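Working notes, beginning with the structure itself.
All values derive from a computational prediction rather than experimental measurement. Here, residue 1 is the first one in the sequence, and each next residue gets the next number. Counting convention: from 1, in listed order, for ligands and their atoms alike.
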Amino acid sequence: MAIIGLESSAHTFGVGIVDEGKILANEKSMYNIGKGGMIPAKVAEHHIESARDVIVTALEKAGLEIREIEGVGYTRGPGIGPCLQVAQISAKTIAKKLGIRVAMVNHSVGHIEITNHLMNLKDPIIMYVSGGNSQILKRVNKPFSHYSVLGETFDIGVGNMLDSLARQLKLDPAWGSSIEKTAKGGKYIDLPYTVKGMDFSFTGLLTKATELIGKESDEDICMSVQETAFSMLCEALERAMMLTNSNEINLCGGVAQNTRLQNMLQSVADEHDAKFGCADREFNADNGAMIAYVAEKMLKHEAYTKLENCDVKQKYRVDSAMVYGR
Ligand code: FE2
């Protein structure tokens, strides 16, 4: 079943095409965030302008005509309202024109399931880390199949914390990825460390790090923030792993692209003889392939939505989304 998946929850307009779990295309156009952060109306405008081209390129890569597409999926949420609406409207337009079914996909489920699929993980404990979200999850099947949240951030996502620090340090680009580069060679400074059971918090760490700007070197600040934040995530994850008797770790979401975090969680896995899985960068960045992949599973289980009921949900929690198949 050739399925097209559309993703536009934040700065990326992504289009993926999947057939029986095989990824045939994964194309995207990313809004240039510059130094000003994300202005929702501007990002949505970028998505509207690039949607057609990205869809056409994805179809070319997959070697398919649009009429050969048998189903469509789009990100329902969580995300930024005006941005989400672009994929929603595009998906409805395609579905109406072709007379095919639509699946509304939870963005977080997309990241989790594409990683399980590509890394061959069966029943992992999940560390989902992105801009807006930082959660530890495990699949449970009661009262319905979903990813249950065992621990999460009390305030901001680890990605937003790193992006915010990058902006305040005037790094270019003003993303968390610049923190990783700048951290190399830095020395460790003691910073606030907040873990409560399997939950954690990042605002105290960010406030303290911000106060140190100009007093300590950028390298030392970046290194210390990374080490502190990621140690918090590792401690909480390890606790959740023990409690759930898990022998696999799934690391996914935008911040999963950070190699220092990957290495730290690999060490946690090694210590417990567990398997560690983290997909390639393109699947941890926002992408359409993960949406197409989940949509295919949903449509196989008749989990489609009538066009008039297709909506967006900015705060679509992962634990309210039903998951299908293995
Ligand atoms: Fe994402």
[Y]/[X] salt bridge by N-O under 4.0 Å criterion:
| X | Y | value |
| --- | --- | --- |
| K184 | E219 | no |
| E308 | K92 | no |
| D311 | R76 | yes |

Q: Using 2.8 Å as the cut-off, note every protein N, O or S atom close to the Fe ion (ligand 1).
A: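 Less than 2.8 Å away from the Fe ion (ligand 1) sit H107 NE2, H111 NE2, D286 OD1.
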
Q) Using a distance-only test with no angle check, is there a side-chain donor-acceptor pair under 3.5 angstrom linking N32 and H11? A)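 Checked: N32/H11 side chains show no N/O donor-acceptor pair below 3.5 Å.
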
Q.
Please report the interatomic distance CG(L243) to CD(E238), rounded to the nearest 0.5 Å.
A.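 Atom-to-atom, L243:CG and E238:CD are 11.5 Å apart.
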
Q: Start with the C-alpha gap between S9 and I80, add the side-chain angles, then the distance that decides, and say whether side chain to side chain contact (heavy atoms under 4.5 Å, CB included) holds.
A: CA-CA 6 Å; S9 62; I80 304 165; over 6 Å; no

